[in-house]
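The structure appears below as structure tokens.
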Amino acid sequence: ETIVKDTNGNSLEKDTVADAETSSNSSGSDAASEEYPTKEAKDKQSLRDRSRVPPSMYMLGFLFVTFEYFGGVIPNFPEVAASWWDSMATSYLTVWKSLEYVRDLMKAVAAGEEVDTMECVYAAVVSFVVGSILFVLIWSPLRAGMWTGQRAARHRLHRYMGLFFLVQYFAAWVEFCTNYENSKNSYLPHFISICGLVQGVSAYFSFRVLPEVVDPGYYSDRAVLSRTFVHENLYFSLLSYVGSTMYNDVLRNNIQSNLFSSLFQYIFVFWPYIMIRPWYPRTHFSLAGVARAGRTEENETFYTVGTLMVKFFYMWAKYYIAFFINHLIFLGTYKEEDMRFIRGMFILNVGTISIAVFLHTLRFKKVLPPKLTFTIYLAQIYATFSAIPFAYSMFAEHKQLCALMALGIAFNLTRNLKLHALWCGLCMYLEKFTDIDF
């Protein structure tokens, strides 16, 4: 077994770290007195501390109940569940019909019948792309026993909610691409975001022996994911969850019709990094791969460049995907064609947050090579740029809002939280209390 160390320097088997099943082995002195507790006692205390519920979880639970109740999900759950089921059933019926179509097309080609060349090329490309994605995210982990066998008996909630997330995520893309009219107010994206929250919470409490360090552990080929990163990632899952309530017309109108719930929507539109972000810990790109010799020398350059690419993407996405879109929704100056872009971007991003962590698991479990999983992650986040041509008119029609976002990036580069708060206040004032046409 590969041996790694926990935060106290104790040896742990790799599977123990990955599954967080057992506490660390301690080797304290037997002669220690009550005034000088043994290392074993300190380890037990540390594990006990890790079992405590942090304030961020209580805040998350409060926000979840607030948005679910005032958004109309809880009061109208039978109708909401029926809508979700309709989306799932319709999507997988479409998948079945698509498989029959490909089968018939292949039979026609094999029989020497005349078929359209471009039709064959299109079917081949789509089949290859979809098949590759399913191979990486479903077949490879299934073959490795992630959801079957003895290993699957541990942490069942986390494992099967992850599988449930992937099943819903695939259905959401099918519905969006083939039946947008039904997709635009479907509750399926909303339930995917809820599933992402459950995954983050279950990971935090299941994998308690993960190191509590500011090195994310993600941007490397050897390090284990830090528990700090898992906790931090919950913040971004929460942002996606709130986004799912804003991009669904029914949920958004219900929330905005109530003063109490609309106040929280204001917070997430203008003040998320001031009022919500401090509840969660921070990891640092600059320390990625530094702790515990997380990167091998041969892959150091690859991960250094990759980390810079991720850092650039998050700077762009923070302002021109998250803030820009949320402010546009708040102002109500969007067009229906803009919403199609926004909803597609949301499905892509809500998957990125949770699937990124799953890719790390596949790397750590040696199901897939490290460079491959990180490359897939980079391809996933940079896929957002492929949609820019479709959003060009949206950005061009809102030049003042684009300029406001550029100012936000400039303030962000100073790393001064007070300047960011000033920018948030300026945005709220200009958009709410002036006649500027954003």
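Not measured: the values here are computed from a predicted model. For the single chain, residues carry numbers from 1 onward in sequence order.
Applying the salt bridge (Lys or Arg N to Asp or Glu O under 4.0 Å) test to Asp249 and every residue at least two apart in sequence or in another chain returns Arg252, Arg343.
Within a 6.0 Å sphere centred on CD of Glu336, other residues, nucleotides and ligands contribute more than 12 heavy atoms. At most 12 heavy atoms of other shown residues, nucleotides or ligands fall within 6.0 angstrom of atom CZ in Phe77. The number of heavy-atom neighbours closer than 6.0 Å to CE of Met339, taken from other residues, nucleotides and ligands shown, is above 12. Heavy-atom neighbours of Tyr69 OH from other residues, nucleotides or ligands within 6.0 Å: at or below the threshold of 12. In the displayed structure, Phe128 atom CZ is contacted under 6.0 Å by at most 12 heavy atoms of other residues, nucleotides or ligands.
The closest side-chain heavy-atom distance from Ser202 to His155 is not below 4.5 Å. Counting heavy atoms from C-beta outward, Ile409 and Trp316 have side chains that stay 4.5 Å or more apart. Between Asp221 and Phe302 there is no side-chain heavy-atom pair separated by less than 4.5 Å. You'll find the side chain of Met246 stays beyond 4.5 Å of the side chain of Phe268, heavy atoms only. Using a 4.5 Å cut-off on side-chain heavy atoms (C-beta onward), Ser220 and Arg363 make contact. Residues Asn248 and Lys184 are not in side-chain contact: their nearest non-hydrogen atoms beyond the backbone lie 4.5 Å or more apart. In this structure, the side chains of Phe64 and Ile194 come closer than 4.5 Å at one or more pairs of heavy atoms. Put simply, the side chain of Asn416 does not reach to within 4.5 Å of the side chain of Phe411, judged on heavy atoms.
His231 and Ser56 share a donor-acceptor pair across their side chains, judged by distance under 3.5 Å alone. Side-chain atoms of Glu232 and Thr283 form a donor-acceptor pair, as typed in the model, at a separation below 3.5 Å. Remark: the Tyr169 side chain and the Trp173 side chain contain an N/O donor-acceptor pair separated by less than 3.5 Å. No side-chain donor-acceptor contact under 3.5 Å links Ser261 and Thr66. In the model, Gln199 has no side-chain atom that pairs as donor or acceptor with a side-chain atom of Tyr204 under 3.5 Å. Inspection of the Thr304 and Glu300 side chains reveals an N or O donor paired with an N or O acceptor under 3.5 Å.
Among residue pairs with one or both ends in residues 383-392, none qualify as side-chain hydrogen bond (donor to acceptor under 3.5 Å, both in side chains); sequence neighbours excluded.
The shortest non-hydrogen separation linking Gly196 to Ser237 is O-OG, 4.1 Å. Here the shortest heavy-atom pairing between Ser240 and Val350 reads CB-CG2, 3.9 Å. Annotation for Leu359 and Ile376: closest pair CD1-CG2, 3.9 Å, computed over non-hydrogen atoms. For the residue pair Phe364 and Ala223, the shortest heavy atom distance occurs at CD1-O, 4.4 Å. Ser244 and Phe346 make their closest contact through CB-CZ, 3.4 Å (heavy atoms, listed as atom of the first residue, atom of the second, distance).
Phe285 has its ring centre less than 6.0 Å from the ring centre of Tyr219. Ring centers of Phe165 and Phe358: at least 6.0 Å apart, outside the cut-off. Ring centroid separation for the pair Trp423 and Tyr319 comes in under the 6.0 Å cut-off. Checked against the 6.0 Å centroid criterion, the rings of His158 and Phe207 qualify as a close aromatic pair. Between Tyr273 and Tyr235, the gap from one ring centroid to the other is short of 6.0 Å.
Expressed to the nearest 0.5 Å, how far CG of Leu251 lies from CZ of Phe70 amounts to 14.0 Å. With rounding to the nearest 0.5 angstrom, the CG atom of Leu368 is 13.5 Å from the NZ atom of Lys366. Rounding to the nearest 0.5 Å gives a distance of 9.5 Å between CG of Leu419 and CG of Leu407. One finds the OG1 atom of Thr333 at 4.5 Å from the NE2 atom of His398 (value rounded to the nearest 0.5 Å). Between the OH atom of Tyr303 and the CZ atom of Arg222 there is a distance of 11.5 Å, given to the nearest 0.5 Å. Residue Ile353 holds its CD1 atom at 7.0 Å from CG of Leu239, rounded to the nearest 0.5 Å.
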**OP:** Test side-chain contact (heavy atoms from CB on, under 4.5 Å) on Ile133 and Phe170 and set out the steps.
**Re:** CA-CA 10 Å; Ile133 294 172; Phe170 182 68; over 6 Å; no
**OP:** Show your working on side-chain contact (heavy atoms from CB on, under 4.5 Å) between Met394 and Phe324 and close with a plain yes or no.
**Re:** CA-CA 10 Å; Met394 180 180 72; Phe324 181 91; 3.9 Å; yes
Original post:
Would Tyr241 and His190 count as a ring pair (Phe, Tyr, Trp, His ring centres under 6.0 Å) if you check the C-alpha gap in whole Å, the side-chain angles of each, and the deciding distance to 0.1 Å?
Top reply: CA-CA 7 Å; Tyr241 166 74; His190 181 64; 5.4 Å; yes
Original post:
Would Thr307 and Arg295 count as a side chain to side chain donor-acceptor pair (under 3.5 Å) if you check the C-alpha gap in whole Å, the side-chain angles of each, and the deciding distance to 0.1 Å?
Top reply: CA-CA 12 Å; Thr307 302; Arg295 295 174 180 172; 3.0 Å; yes
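A cation-pi arrangement is absent between Lys432 and Phe270 under the rule of less than 6.0 angstrom and at most 45 degrees off the ring axis. Annotation: cation-pi pair Lys318/Phe323 absent, no NZ/CZ under 6.0 Å from the ring centroid and within 45° of its normal. Stacking of Arg340 on the aromatic ring of Tyr180 is recorded, both the 6.0 Å distance cut-off and the 45° axial limit being met.
Ring pair Phe229/Tyr218 is parallel by interplanar angle, where below 30° counts as parallel and above 60° as perpendicular. Using the six-membered ring where Trp is involved, Tyr314 and Phe236 have ring planes that are tilted, between 30° and 60° apart. Using the six-membered ring where Trp is involved, Phe341 and Phe395 have ring planes that are perpendicular, over 60° apart on the 30 and 60° scheme. Ring geometry for Tyr377 against Phe374 counts as tilted: the plane angle lies between 30° and 60°, on a 0 to 90° scale.
At distances below 3.5 Å, not a single donor-acceptor pair connects side-chain atoms of Thr414 with backbone N or O atoms of Ala410. Of the possible donor and acceptor atoms, none in the side chain of Asn179 sits under 3.5 Å from a partner among the backbone N and O of Glu175. In this structure, the side chain of Ser83 does not engage the main chain of Glu79 through any donor-acceptor pair within 3.5 Å. Thr245 places a side-chain N or O within donor-acceptor distance of the main-chain N or O of Val242, the cut-off being under 3.5 Å.
Evaluated for a ring pair (Phe, Tyr, Trp, His ring centres under 6.0 Å) with Phe62, the options Trp279, Phe264, Phe67 yield exactly one hit, Phe264.
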